[in-house]
Structure formats: structure tokens, C-alpha cells
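Here's the structure, in C-alpha cells; my notes come after.
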2 protein chains.
Amino acid sequence: MAVTLADVAARAGVSAATVSRVLSGNYPVAGGTRTRVLRAVEELEYVVNGPASALAAASSDLVGVLVHDIADPFFGIIASAVQSEMESGGERGPGPGRKLAVVCNTGGSPEQELTYLTLLQRQRAAAVVLTGGAVEHPEHSPAIALRLRRLAAGGTRVVLCGRPPLPEPGTAPETAARPAAPARNRAGGDADEPLTIAFDNRGGARRLTEHLLALGHRTIGYVAGPAERTTTRDRLEGHRRALHEHSPGLLADADRLTVHGAYDRSSGYDGALELLRRAPEVTAVLGANDTVALGICAALREQGLRIPEDVSVAGFDDLPFSADAAPAMTTVRLPLHQAGVRAGRLALGREAPPPGGVATVRAELTARASTAPPRAGGTPAGGPG
Amino acid sequence: MAVTLADVAARAGVSAATVSRVLSGNYPVAGGTRTRVLRAVEELEYVVNGPASALAAASSDLVGVLVHDIADPFFGIIASAVQSEMESGGERGPGPGRKLAVVCNTGGSPEQELTYLTLLQRQRAAAVVLTGGAVEHPEHSPAIALRLRRLAAGGTRVVLCGRPPLPEPGTAPETAARPAAPARNRAGGDADEPLTIAFDNRGGARRLTEHLLALGHRTIGYVAGPAERTTTRDRLEGHRRALHEHSPGLLADADRLTVHGAYDRSSGYDGALELLRRAPEVTAVLGANDTVALGICAALREQGLRIPEDVSVAGFDDLPFSADAAPAMTTVRLPLHQAGVRAGRLALGREAPPPGGVATVRAELTARASTAPPRAGGTPAGGPG
DNA sequence: CTGTTAGCGCATTCAG
DNA sequence: CTGAATGCGCTAACAG
């Protein structure tokens with residue numbers, strides 16, 4: 001673990017500077033010299049010392065990707081799309097300029113998020129991509145926003161993917177030391193401002209509920225995610241907006257028909273049971289996402305209810321398994337992979353920032369077999385006890 | 001992005017060395033001084049420069065976790081277990097000594113694996129954890145083994161989790177420059193040798209097939225993973241061993257009853273269809289893992305076959321969704337989380353290496369509702385056209 | 001307990 | 001096109 005640039009230089013009979021130049025590739029070097037250097041590198045099995053190079057160049061090739069749950073395909077798809085973007089920059093292997101995209105699992109906790117941001121800032125990461133909804137917390141949210149702006153100001157590219165744009169600095173609590181740089185032309189999307197790829201959760205949820213209403217459903221249960229998540233709030237808002245627009249009276253029951261839980265299968269299962277207890281007359285149940293919807297299906301089936309004959313079920317995200325669940329799941333399609341690719345390109349500065357720094361991607365209704373008109377009587381056949 | 005140790009030192013009225021010492025915490029510093037330094041750090045919003053510190057200390061706090069597919073819960077569970085181990089080392093936040101566990105998605109490709117290993121070596125990672133089966137490739141495998149040994153020799157802790165131990169150096173092709181250090185006491189498990197947590201895939205698969213045989217099945221289809229993966233090979237071997245031990249004649253049909261595919265749902269789906277075409281008389285179908293098994297179920301159902309009445313199905317791994325699939329999936333339980341935790345501890349040097357450097361964890365048969373005795377007639381009721 | 005002194009390995013000037 | 005010199009920010013001996 002000791003072969004350095006100098007060793008290579010000695011072996012190739014050139015100076016360290018020259019070796020550095022051929023390795024960086026961003027400077028003219030004579031063909032013969034280059035070959036000799038490369039050969040020496042091979043023979044000595046030399047591997048650049050990242051920290052040293054980062055220190056000297058004042059920049060590292062680390063790109064952090066923060067996800068809530070690494071075991072959730074929603075994040076897996078986005079993260080691998082971001083990573084794939086790192087390697088498609090011309091060469092394949094670990095060439096010069098090759099970024100190392102690393103994913104960090106925050107467990108959806110703002111503290112963890114802050115911890116990872118600090119760790120990444122410490123590494124002087126070239127970019128940071130935050131994926132998934134933000135947690136709204138009176139104390140943490142401003143802290144995270146502050147740290148993100150600081151990272152951006154320090155040259156780290158910050159990209160938000162699937163979470164709402166950062167609120168305008170506004171009235172900073174106290175730490176407003178510097179006189180908030182005179183807002184430069186925001187339309188241009190400064191490279192040192194956090195960039196955002198937002199999902200149209202509100203619109204998607206709204207279209208999904210409209211679909212159910214059009215089918216004839218009037219008593220629609222909703223197993224939502226954690227209350228403090230922006231994703232949860234947006235989807236719920238879209239749902240209620242659709243309800244309201246169809247008929248204001250439908251909102252009266254909304255709270256009773258909503259239960260909150262995590263974005264996982266078991267909360268779908270538990271939530272559906274709770275809903276059935278509160279309102280046995282539901283004819284449809286929406287899940288916070290596809291995974292939750294699967295849990296809902298499991299619970300309903302165990303209660304002897306058929307899908308969609310007795311109860312319609314729908315999810316959100318359109319993860320791969322949703323298409324071939326039984327029955328195929330009605331859901332809202334989010335272009336996860338595409339969004340991840342774009343986030344990666346933005347993080348690398350390979351794509352022009354969207355106007356205003358924010359791009360919103362569409363969430364498209366994908367109607368499949370798990371939703372159908374409610375039973376004539378409105379009461380399920382083999383209902384629970 | 002310019003506040004340095006010196007700035008903090010100046011502000012606190014001490015020397016840079018002292019600041020470094022309070023920040024590292026591994027050296028006695030007077031209480032008053034410490035407080036003043038910490039206050040200066042706060043006020044200046046100082047964040048350590050990782051690269052500089054790594055360079056000076058000749059060690060970084062990066063820990064790489066390589067996975068085949070980040071969107072697959074199998075890897076997600078292991079990876080998050082490893083990560084959780086990084087933070088549980090006393091403090092929570094980004095304190096000194098806090099390691100940054102980052103996961104890298106190789107897509108199961110040896111080239112990618114090699115690329116990430118180089119990138120990690122470049123960063124002088126403190127440890128590297130490789131998860132999941134290895135790909136057996138005449139050219140890449142030795143290359144990877146070589147690089148892993150080199151990493152280990154260079155002080156990076158290398159841990160293999162869910163893949164077989166590295167083969168003994170043996171007859172290195174050509175790059176055997178150094179005279180292979182005289183094998184030190186292997187029983188002690190040198191810190192600079194790759195450590196392994198292997199899964200008993202062979203034994204698990206064998207017990208699973210024995211379960212099916214005990215139930216009365218004789219024509220068992222097998223939708224295996226990619227042929228060149230060690231995991232695939234081991235599970236298949238276990239399966240065939242069970243077949244052979246029950247009655248050598250059963251092996252005659254083994255090839256016809258085996259199809260290969262990826263470790264995903266669609267290959268389970270396609271594989272089941274192919275199997276039905278080749279051998280409509282199958283009474284049971286095994287999947288390479290739980291995800292594949294789910295695909296198998298989907299295909300069988302579409303063909304009008306009931307599970308387990310017409311055909312029994314079983315998976316491997318016991319991922320969370322398997323327990324509440326419908327019907328609940330018979331599978332082989334692998335202690336993924338536990339293995340990840342252990343890998344993390346080994347990577348951090350917090351746990352003594354297992355004797356010989358290799359620990360094998362048990363794979364336990366978990367019989368549930370998706371397997372049952374075959375139909376009396378042996379021929380399914382509503383078989384495909 | 002604390003300050004001083006040297007590098008860590010590399011990327012850049014700046015001269016040739 | 002190439003070499004010599006300088007410093008990135010920090011840690012690790014050494015002295016006090």
C-alpha cells in the first residue's frame with residue numbers, strides 16, 4: 001500500500017508532474033512518454049491516492065445518494081439510475097473523472113439525514129442527491145435546508161429528487177450571518193443552488209381518486225404514510241381535493257376513512273383491518289404506495305373479501321411487482337428510473353438546470369384489474385364477522 | 001468552504017494541533033480549552049476536511065458495501081444491517097471515528113465489481129464488504145480475488161457476506177511477483193486476510209427438496225438463477241444431492257426439469273411457463289429465490305393451476321413478503337440481517353474473526369402453505385391447453 | 001496538557 | 001511538451 005506517484009515517475013524515468021498529467025488526461029503529453037508511464041503504472045499496480053488527490057485538487061469524486069429505505073424498490077430504482085449515470089460518462093471502468101456514487105440509508109430519519117450530510121460534507125462530496133419525501137420537522141427541516149444551502153454554496157451540487165424544493169430562505173431564525181447574497185437570476189438556475197426534481201404526487205393522487213369516483217365508489221378508505229412526510233401530505237391532499245371537487249360532502253367522512261402508517265406492507269395490512277373495523281361499508285381502499293396496497297390486499301383477502309369484486313384496491317408508484325400482482329394493481333406511475341437518471345445528470349452538471357431550478361415530473365394514472373365498479377348493493381358478499 | 005483548522009485555532013486562541021486533538025477525542029485536553037475550541041467550531045461552522053485528514057492519518061472512514069442489486073430486498077436487508085452497525089458504535093451523529101458506510105450497486109457484473117473495488121481502493125477505504133454470490137468467470141474471478149487480497153494486504157478489511165471464501169492463492173497465473181508471504185497461522189484469522197460469512201445454500205436447498213420428496217413429489221421443476229453464480233450452483237447442487245440420495249433415478253430428468261434465468265420475478269414467470277411446456281406433469285416447482293417463486297406462482301395461476309393443490313411452489317431466502325404471500329410461501333430462511341450485522345462488526349474489527357476466517361450460517365427450512373402433497377392422480381385439474 | 005515541526009501524496013503554478 | 005517547486009489541511013511525533 002505504499003506505491004506512490006513518485007515511484008511510478010522514477011520507474012518511467014519522468015517527473016511526478018508528468019505522471020499526474022497522463023493520469024488526469026487533461027493536459028498534453030507526448031505519446032511515447034504516456035505509454036511508458038502507463039506501463040509503469042501497470043507494473044507497479046499503482047492506484048491513485050484519492051484523499052491526497054482530493055486535497056490537492058480541492059474536490060473529490062464522491063457523490064452521495066441519500067435514500068430512506070435501501071430495501072425499498074422505490075429507492076433502489078432511483079439510486080441505481082443515479083449510479084448508472086456516473087459510469088456512462090464515456091469510459092466504463094475507473095477512469096479519471098469517474099465519480100463514485102454511494103448510497104446512504106437514512107431510515108427516513110432526519111437525524112440520520114443530517115448525519116450523512118455532515119459526513120458527505122466532510123468528504124467534500126462533489127454532489128449529493130436526496131431522494132424521497134422530506135420529513136417535516138419544526139427543528140430538523142430548517143437545519144437540513146440550511147446545511148444543503150451551505151453545501152451548495154461550498155461547491156457541492158445538491159439535487160432533490162422526489163421531494164419538494166427547499167423553501168426560500170425567508171426569515172432565517174438567527175444564523176443569517178451573511179446578508180443573503182442578492183438573489184441572482186433565478187431563471188438561469190445557478191449551479192450553486194439546490195436543484196429539484198419533484199413528483200406530482202398531488203396530481204397523481206387526485207387522478208387516482210377521480211378514477212375511483214368515476215367507477216362509482218363513494219366510500220373510499222385511505223391507508224396513508226407517516227403524517228409528517230411531504231409525500232404523504234401531498235398524496236392525501238390530492239385525494240381530498242378530488243373528493244371535494246366531486247362533492248364537498250364526501251369530505252365529511254375523510255378523517256374517519258384515513259389511517260396513517262409506515263410505507264410498508266404491514267401497515268397496509270393493519271390499516272386495512274382498522275378501516276374495516278371503522279367502516280365496514282368501504283368499497284375501495286387506497287394505499288400510500290404499492291407496497292402498502294399489497295398489504296391491504298392480503299388483509300382483505302384474509303377477511304374473505306375479493307378484489308376487485310368486493311373491494312377495489314389501488315397503490316402508488318407503479319413498482320415492477322404491481323403489474324403482475326394478482327390481480328394486477330391499479331396505481332399511479334412515477335417515472336422513477338428516468339427521474340434518477342436526470343438527477344444523476346444534474347448532479348454531474350451534465351444537464352442544464354430546469355428553469356427556476358425545479359422540474360416537476362408527471363404522475364400518470366395506470367388503471368388495471370384491482371379496481372372495478374362497486375357491488376350493486378354496496379355491501380360485500382362474504383364480509384367479516 | 002474555506003474555514004480550516006487554523007481558523008478555528010485562531011478563534012479559540014490555541015494551536016491547530018490542539019483543535020485537532022479535541023476533535024479527534026483520542027488525546028487528553030483541558031476542559032476549558034476543549035469548550036473554547038468547541039465553541040469556535042460551532043461559531044465558524046467548521047467541518048473537518050476528510051481528504052486532508054485521511055491523507056495525514058493514512059486512513060479513511062469510508063466503508064464500501066458491494067451489492068448486486070440495490071432494489072432487491074435480499075441485499076437491502078444485508079446492506080442496512082451493515083450500515084446500522086456503523087452508527088451503533090457508541091455515539092449517534094457524525095462523531096469522530098464515525099464510519100461512512102456506502103453501498104455500491106454492481107448489477108451483478110464482475111467488471112462493475114472490479115471498478116468499484118478500484119474506486120474504493122483509491123479512496124483508501126477502511127473496509128469493503130462484498131455481498132451475494134460471486135460470479136464465476138475464468139478471467140474476472142482471479143482478478144477479483146487478487147485485488148481483494150491486495151486490498152486486505154494494504155490494510156483494508158475485506159469481508160465476504162453470502163459468498164464463498166476466496167480460493168487459496170494456489171498457482172497464480174503470472175502476477176505472482178511477491179513470494180506469497182509464508183502463510184501465517186490461519187487458525188488465528190489474520191486481520192489482513194479476507195474474512196467470510198458464508199450461507200449454507202447447499203444444505204438449505206437439500207433440506208427443501210427433501211421436504212418436497214417427503215411430501216410425495218417426484219417430478220420437481222427448478223427455476224434456477226444465472227448458471228455462473230456460486231449461489232445458483234450451490235443451491236442446485238443441494239437440490240440434486242437430495243434427489244440422488246432419495247433415488248438415483250430421479251437425476252435422469254434433472255436437466256429437463258431445470259431452467260436458468262435471473263434472480264427476478266419475470267424469470268420465475270417465464271421459467272414456470274417453459275417448465276410447463278417441457279413437463280406438464282410437474283407437481284412442484286422450486287424457485288432460485290423468493291422473488292422468482294412469486295413469478296412462478298403468477299404464471300401457474302394464469303394457467304389455471306392452484307397452489308398448492310395442483311402444484312407446490314417454494315422459494316429461498318425467506319424475504320419479508322414471503323410470509324404473507326398468498327398462500328404463504330414455503331422457503332429456506334437465511335439470517336440476512338444477522339449476517340449483515342456480523343459482517344459490519346467484522347469490517348470494523350469489533351468482532352474476533354471466526355476460526356479459519358470463515359463462518360457458515362445455517363439455512364433453515366421454513367415450511368408454509370405453498371407446499372402440500374401432490375394430487376392423487378398426479379395430473380392437475382385444470383391444466384393448460 | 002499544549003505548541004512546533006514535519007510531512008502525507010498529489011495537482012498546480014512557473015520556468016525551461 | 002516536461003521538470004522543479006509550492007502548498008492543499010490535517011495528524012503525528014517531539015519537545016516543552
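Below, read A as the first sequence line, B as the second, and so on, with proteins coming before strands; counting in each chain starts at 1.
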Collect all protein-nucleotide pairs involving nucleotides 6-8 of chain C in which both atoms are nitrogen or oxygen and the distance is under 3.5 Å.
| residue | atom | partner | partner atom | Å |
| --- | --- | --- | --- | --- |
| C:dC8 | O2 | B:A56 | N | 3.4 |

Check: Who passes side chain to side chain contact (heavy atoms under 4.5 Å, CB included) against A:V135, sequence neighbours left out?
Finding: A:P110, A:E228, A:R229
Margin query: For the CD1 atom of B:I78 and the CD1 atom of A:I70, what is their distance to the nearest 0.5 Å?
Written below: 10.5 Å
Margin query: Holding to side-chain hydrogen bond (donor to acceptor under 3.5 Å, both in side chains), I want the full list of residues that pass it with A:S15, two or more places apart in sequence or in another chain.
Written below: A:T18
Check: Atom CD in B:E45, atom CG in A:L146: separation rounded to 0.5 Å?
Finding: 6.5 Å
Next item on the list: Not counting sequence neighbours, list each pair that qualifies as a salt bridge (charged side-chain N to carboxylate O under 4.0 Å, His left out) and has a residue in residues 13-23 of chain B.
Entry: none
Check: Quick one, which residues of residues 5-12 of chain B touch DNA chain D with a heavy atom under 4.0 Å?
Finding: B:L5
Note to self: Just to be sure I understand the geometry, which residues of residues 19-28 of chain B put a non-hydrogen atom under 4.0 Å away from DNA chain C?
What the structure shows: B:R21, B:Y27, B:P28
Next item on the list: Evaluate the side-chain contact (heavy atoms from CB on, under 4.5 Å) criterion for residues A:L130 and A:T106: first the C-alpha distance (whole Å), next the side-chain angles of each, then the deciding distance (0.1 Å), finally the verdict.
Entry: CA-CA 10 Å; A:L130 286 88; A:T106 67; over 6 Å; no
Check: Does OP1 or OP2 of C:dA11 have a side-chain N or O of A:S53 closer than 4.0 Å?
Finding: yes
Notebook entry, point to check: Does B:F75 have any ring pair (Phe, Tyr, Trp, His ring centres under 6.0 Å) partners at least two apart in sequence or in another chain, and if so, which?
Noted result: B:H68
Item checked: Counterpart residues, side-chain hydrogen bond (donor to acceptor under 3.5 Å, both in side chains), relative to A:R163 (two or more places apart) -> A:E113
Next item on the list: Could you tell me the separation between the CZ atom of B:R124 and the CG atom of B:L62, rounded to the nearest 0.5 Å?
Entry: 12.5 Å
Check: Listed by chain and number, what are the salt bridge (charged side-chain N to carboxylate O under 4.0 Å, His left out) partners of B:R11, not counting sequence neighbours?
Finding: B:E43
Item checked: side-chain hydrogen bond (donor to acceptor under 3.5 Å, both in side chains) partners for A:D61, two or more places apart -> B:Q123
Note to self: OP1 or OP2 of D:dG3 versus the side-chain N and O atoms of A:T18: is any pair under 4.0 Å?
What the structure shows: yes
Margin query: Can a donor-acceptor pair be found, under 3.5 Å and without considering hydrogens, that links the side chain of B:S20 to the backbone of B:A16?
Written below: no
Notebook entry, point to check: Heavy atom of residues 29-43 of chain B under 4.0 Å from DNA chain C: which residues?
Noted result: B:V29, B:A30, B:T33
Checklist line | With sequence neighbours excluded, residues passing side-chain hydrogen bond (donor to acceptor under 3.5 Å, both in side chains) with B:R147 | finding: B:Q121
